[in-house]
Amino acid sequence: MLTAEDKKLIQQIWEKVVGHSEDFGAETLERMFSVYPQTKTYFPHFDLHHGSDQIRGHGKKVVNALGNGVKSIDNLSQALSELSNLHAYNLRVDPLRFALQLLSQCFQVVLAVHLGNDYTPQVHAAFDKFLSAVAAVLAEKYR
């Protein structure tokens, strides 16, 4: 699904994301909760106020997990296996695919806002494919 050029673009852009994982992650989650308020139901125990430690901490985890996927872009299933198991068997997040699509959209908006002209249509298309692949891997345990 990902071409060599897609992988190259993703890895190049990811270098600009590294070091901003907490900020980008928190902004992504806050955007998701604002635009798609139904996603708040997955986080009933979180303080969902702007800048909360829980949102910042979880946002950082999300972006770091994506970073692990970028590092192992040729073997996403193995790289994200533990995360897939966690969501499927421990957290039992059923509509993971749906929530991940919404999260992916919000993450791409955050990237576009912060990366400006570096977030070209080609980069957007590559990230869309990558994030779809991540969602597919995380949903594997539900099949």
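Counting heavy atoms from C-beta outward, Q105 and M32 have side chains that stay 4.5 Å or more apart. Counting heavy atoms from C-beta outward, D118 and I13 have side chains that approach closer than 4.5 Å. You'll find the side chain of V70 reaches within 4.5 Å of the side chain of F130, heavy atoms only. Counting only heavy atoms from C-beta outward, the side chains of I73 and L2 approach each other to under 4.5 Å.
Note that the CG atom of L9 and the CD atom of Q12 stand 6.0 Å from one another [nearest 0.5 Å]. Here L103 contributes atom CG and F33 contributes atom CZ; the two are 8.5 Å apart, rounded to the nearest 0.5 Å. Going from atom CE of M1 over to atom NZ of K129 covers 8.0 Å, rounded to the nearest 0.5 Å. Distance check, rounded to the nearest 0.5 Å: OG of S132 to CZ of F127 gives 12.5 Å. Here the straight-line distance linking atom CG of L102 with atom CZ of R31 works out to 13.5 Å at 0.5 Å rounding.
Between the side chains of H45 and Q54, no donor N or O sits under 3.5 Å from an acceptor N or O. There is no side-chain donor-acceptor pair under 3.5 Å between E5 and T3.
In terms of the side-chain contact (heavy atoms from CB on, under 4.5 Å) criterion, residue partners of S104 (sequence neighbours excluded) are, by chain and number, L131. E30 is linked by a side-chain contact (heavy atoms from CB on, under 4.5 Å) to H50, I55, counting only residues two or more places apart in sequence or in another chain. Residues satisfying the side chain to side chain donor-acceptor pair (under 3.5 Å) test with K71, not counting sequence neighbours, are none.
Panel note: side chain T41, backbone Q38; a donor-acceptor pair is recorded below 3.5 Å. A donor-acceptor contact shorter than 3.5 Å links the side chain of T120 to the backbone of V123. Looking at S21, its side chain never comes within 3.5 Å of a backbone N or O of V18 through a donor-acceptor pair.
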- [ ] Carefully, step by step, assess K60 and D23 under the rule salt bridge (Lys or Arg N to Asp or Glu O under 4.0 Å).
- [x] CA-CA 7 Å; K60 183 177 181 178; D23 293 332; over 6 Å; no
Open item on the list: Checking Y119 against V113 for the side chain to side chain contact (heavy atoms under 4.5 Å, CB included) test, could you report, in this order, the C-alpha distance in whole Å, the side-chain angles of both residues, the deciding distance, and whether it holds?
Closed with: CA-CA 9 Å; Y119 201 71; V113 166; over 6 Å; no
Open item on the list: If you apply the rule side chain to side chain contact (heavy atoms under 4.5 Å, CB included), what do you find for H20 with H114, and how did you get there?
Closed with: CA-CA 10 Å; H20 302 285; H114 288 280; over 6 Å; no
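Under the 4.5 Å side-chain heavy-atom criterion for Ile, Leu, Val, Met, Phe, Trp and Tyr, L115 and V63 are members of the same hydrophobic cluster.
In this structure, D47 places its CG atom where more than 12 heavy-atom neighbours from other residues, nucleotides or ligands lie under 6.0 Å away.
Ring geometry, F107 versus W14: the interplanar angle falls from 30° to 60°, so the pair is classed tilted.
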